[in-house]
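All values below come from the heavy atoms of this structure, side chains included, with hydrogens, waters and symmetry mates left out.
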Amino acid sequence: MSKETYPLSTIRHSASHVLAQAVQKKFPDAKLAIGPAIDEGFYYDFDLPRTLTPEDLVEIEADMKQIISEKQVFEQSDKSREETLAIIQDTKQDYKKEIVDDLDLDEYSFYTNGPFSDLCRGPHVAHTGEIGAVKLLRVSGAYWRGSEDKAMLQRIYGTAFTNEKQLRIHLKRLEEAKKRDHRVLGKEQDLFSISEDVGGGLIMWHPKGAKIRYLIEEFWRKAHFDADYDLLYSPHIGKSKLWETSGHLDFYKENMFAPVDIENSTYYVKPMNCPFHIDIYKDRQWSYRDLPLRWAELGTVYRYERSGTLHGLMRVRGFTQDDAHIFCTPEQMNEEVQVVIKLCLDVLKTFQFTDYKIYLSTRPKDKYVGEIAEWDTAEAALKKSIEELGIKYEVDEGGGAFYGPKIDIKIEDAIGRQWQCSTIQFDFNLPERFDLTYIGSDGQKHRPYMIHRALLGSVERFFGILIEHYAGKFPTWLAPIQVKILAIHESGHDHCKALATTLKKAGCRVEVDFSSEKLGYKIREARNEKVPYMAIIGKSEIEENTISLRSRDDGDQGSVSVDDLIATLTKSSPE
């Protein structure tokens with residue numbers, strides 16, 4: 001088997017073993033934790049006698065390349081529990097001991113290459129020479145098992161590809177991603193902040209960021225009204241009985257914040273909006289003539305994420321989910337799913353996401369609710385919906401949620417990264433738990449089908465993706481400031497104020513630079529702020545009531561009238 005035919009995950013997991021081998025060569029007493037393959041590469045966690053330096057990574061990477069050149073064979077062997085514990089005790093690998101205890105198996109798998117051996121279930125490439133090209137990227141701290149109560153380890157991140165060309169392309173993309181980092185651009189453009197005084201993972205929206213959020217949400221609302229949705233609002237907390245019925249306290253409690261007692265009743269901050277929408281459904285008896293019901297909400301939810309997993313806008317503890325739930329009859333499901341897919345792709349296209357992959361995730365092998373016949377029917381309906389639209393898709397066998405199959409849409413950003421935002425999920429679980437019914441044409445009660453649906457995923461995460469997708473250069477319709485008015489002379493300030501008032505009345509977003517700086521400096525500042533347009537006002541512009549217009553992307557636009565500028569700014573709307 002050539003390295004070109006191995007899955008990247010297999011190559012990268014093999015590379016993590018080579019990394020551990022190289023680290024143990026440098027630090028013989030290093031204690032090993034875990035070393036999985038991840039989406040962009042691999043990592044391995046170590047307990048080491050000192051903090052690693054950049055020079056250490058260079059040395060470790062050189063040793064990895066030497067190990068790869070030796071083409072050491074990966075050999076798998078099985079050991080009894082007693083043999084495994086003896087090996088771990090002899091090598092003093094305490095973290096492996098904890099893994100063995102938790103798994104509690106009769107037999108454990110080891111992989112050995114050269115002098116290195118590690119507890120591992122595989123798979124691996126045949127020999128280290130098939131790993132291809134590797135690069136170590138960085139070191140960060142990571143709590144053992146993600147718990148602040150456990151030891152802080154050093155996590156070495158790396159990546160691996162089948163050849164050097166693929167690696168170079170990836171590294172170039174990483175360099176571009178670094179320039180687009182939403183945390184850096186968000187601070188530079190004064191869009192949002194995260195304060196330790198408020199709490200990790202809780203986003204503070206600044207005026208410019210809040211303006212963009214408002215524009216996103218207003219577009220979202222109009223798109224939903226146009227698609228015959230009704231909007232809902234629901235509370236931020238609910239009684240424990242609600243979460244017991246929904247199953248969250250059984251399946252999701254570790255991701256929920258601690259409860260609060262109010263007047264002898266226990267309440268939880270909501271991690272999801274679904275139970276509230278269901279409670280609204282249960283407020284009356286519905287007929288088949290009333291269905292489908294399409295209910296959407298920009299509902300803020302709160303989920304406990306460990307501090308080590310928080311990452312800017314991408315992984316937070318409080319976020320607004322663009323949630324929707326569709327209640328329909330079995331006969332309506334196919335059409336409803338198609339309508340959702342079309343709406344989703346139209347919305348994403350507006351934000352300049354035109355490349356995507358669609359995945360149909362099917363019944364998990366072990367843990368699932370509902371009858372297999374119901375799953376087969378739902379999966380067939382989802383599959384039919386995609387195929388009738390003529391859209392290519394891939395099947396993710398066993399990737400469905402425990403409560404039903406789903407369709408996931410992964411968008412590709414400007415530098416080729418994939419992001420999971422949109423999802424369409426069928427649910428067998430909640431209609432049964434809450435005993436949802438509708439009166440059918442036969443006068444009898446029937447169970448409605450329920451579809452969970454998110455287009456953007458969460459407003460916070462989607463905003464972070466947008467910042468990086470646009471590299472901070474928001475399109476004119478989304479830019480918090482569409483045009484910045486720059487006066488060449490102080491004598492033009494009153495004219496600039498009047499112009500700003502005219503533009504604002506026309507619905508344009510305007511800012512005036514009244515500073516005493518030279519024009520060149522003002523232009524550079526506006527460029528750095530990534531404002532789409534600059535309206536330069538000098539004596540001739542005042543006399544002729546025109547504007548010398550500059551575009552962020554296309555440079556000098558010449559002299560234009562006020563009406564022309566208004567038309568330019570307002571035609572950029574997504575409508």
Side-chain angles (χ1 to χ4, degrees), residues 39 216 220 223-224 227 229 246 248 251-252 255 271-275 277-278 292 294-301 303 313-316 319-328 333-334 336-349 351 353 355-364 368-370 375 378-379 381-386 389 391-413 417-431 449-466:
D39 286 345
I216 293 171
W220 182 93
H224 281 74
Y229 279 75
S246 70
H248 285 92
F251 299 107
Y252 206 74
N255 296 103
M272 296 182 187
N273 300 301
C274 331
H277 293 196
I278 288 172
R294 305 183 187 105
W295 290 346
E297 177 182 11
L298 288 166
T300 302
V301 299
R303 299 178 186 176
L313 293 166
M314 305 303 194
R315 193 75 175 265
V316 295
F319 58 93
T320 300
Q321 202 166 34
D322 74 315
D323 233 344
H325 296 94
I326 299 168
F327 303 91
C328 64
M333 182 180 170
N334 181 55
E336 287 305 305
V337 171
Q338 289 190 9
V339 168
V340 170
I341 293 173
K342 290 177 182 177
L343 174 62
C344 179
L345 297 181
D346 285 345
V347 167
L348 293 174
K349 183 179 179 180
F351 294 97
F353 293 112
D355 295 322
Y356 51 83
K357 286 188 176 181
I358 293 183
Y359 298 85
L360 172 61
S361 300
T362 60
R363 176 172 52 86
Y368 60 89
V369 298
W375 276 85
E379 288 172 8
L382 294 180
K383 181 180 178 181
K384 180 181 178 183
S385 299
I386 301 173
L389 291 174
I391 299 174
K392 293 182 179 179
Y393 68 97
E394 297 179 24
V395 177
D396 179 11
E397 293 288 352
F402 75 91
Y403 51 76
K406 60 178 181 171
I407 296 171
D408 290 327
I409 302 176
K410 293 185 179 181
I411 55 177
E412 187 174 297
D413 70 9
R417 296 173 299 180
Q418 284 195 356
W419 300 93
Q420 169 68 61
C421 292
S422 310
T423 187
I424 305 163
Q425 303 179 354
F426 187 87
D427 192 342
F428 298 109
N429 185 45
L430 293 181
Y449 277 12
M450 180 178 179
I451 302 169
H452 300 258
R453 189 238 65 191
L455 302 186
L456 310 181
S458 84
V459 174
E460 285 76 5
R461 184 170 177 270
F462 190 72
F463 184 44
I465 293 169
L466 284 182

[X] vs [Y] side-chain heavy atoms within contact, under 4.5 Å:
| X | Y | result |
| --- | --- | --- |
| L313 | R461 | no |
| R453 | Q425 | no |
| L455 | H224 | yes |
| L456 | C421 | no |
| L382 | V337 | yes |
| R294 | F327 | no |
| I409 | T423 | no |
| Y368 | N429 | no |

Give the C-alpha distance, both sets of side-chain angles, the deciding distance and a yes or no for side-chain contact (heavy atoms from CB on, under 4.5 Å) between I451 and H325. CA-CA 6 Å; I451 302 169; H325 296 94; over 6 Å; no
Determine yes or no for a side-chain-to-main-chain donor-acceptor pair under 3.5 angstrom, with [X] supplying the side chain and [Y] the backbone.
| X | Y | value |
| --- | --- | --- |
| S458 | Q321 | no |
| Q420 | S422 | yes |
| E379 | R363 | yes |
| D322 | G457 | yes |

Locate the shortest heavy-atom distance separating [X] from [Y]; write the atom from each residue and the value.
| X | Y | value |
| --- | --- | --- |
| M314 | G464 | CE-C, 3.5 Å |
| P271 | V301 | O-CB, 3.4 Å |
| A223 | L343 | O-CD1, 4.1 Å |
| P405 | A378 | CG-CB, 3.8 Å |
| Y252 | R303 | OH-CD, 3.2 Å |
| S385 | N334 | OG-OD1, 2.7 Å |

Using the salt bridge (charged side-chain N to carboxylate O under 4.0 Å, His left out) rule, collect all pairs that involve residues 397-409, keeping only residues at least two apart or in two chains. K406-D408
Can you tell me how far the [atom1] atom of [X] sits from the [atom2] atom of [Y], to the nearest 0.5 Å?
| X | Y | atom1 | atom2 | answer |
| --- | --- | --- | --- | --- |
| I391 | Q338 | CD1 | CD | 8.5 Å |
| R417 | D39 | CZ | CG | 12.5 Å |
| I411 | D355 | CD1 | CG | 10.5 Å |
| D396 | L360 | CG | CG | 8.5 Å |
| D323 | H277 | CG | NE2 | 6.0 Å |
| I326 | E336 | CD1 | CD | 5.5 Å |

Are [Y] and [X] an aromatic pair, judged by ring center distance below 6.0 Å?
| X | Y | result |
| --- | --- | --- |
| W419 | F353 | no |
| F426 | W375 | no |
| Y393 | Y359 | no |

Step-by-step side-chain contact (heavy atoms from CB on, under 4.5 Å) determination, T320 to E460: CA-CA 7 Å; T320 300; E460 285 76 5; 3.8 Å; yes
Check K357 with E412, please: is the shortest side-chain N to carboxylate O separation under 4.0 Å? no
Is the ring pair Y403/H452 parallel, tilted or perpendicular, if the boundaries are 30 and 60 degrees?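 Plane angle between 30° and 60°, so tilted.
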side-chain contact (heavy atoms from CB on, under 4.5 Å) between T300 and F319: does it pass, once the steps are laid out? CA-CA 5 Å; T300 302; F319 58 93; over 6 Å; no
Tell me, with the steps shown, if L348 and F462 meet side-chain contact (heavy atoms from CB on, under 4.5 Å). CA-CA 11 Å; L348 293 174; F462 190 72; 4.2 Å; yes
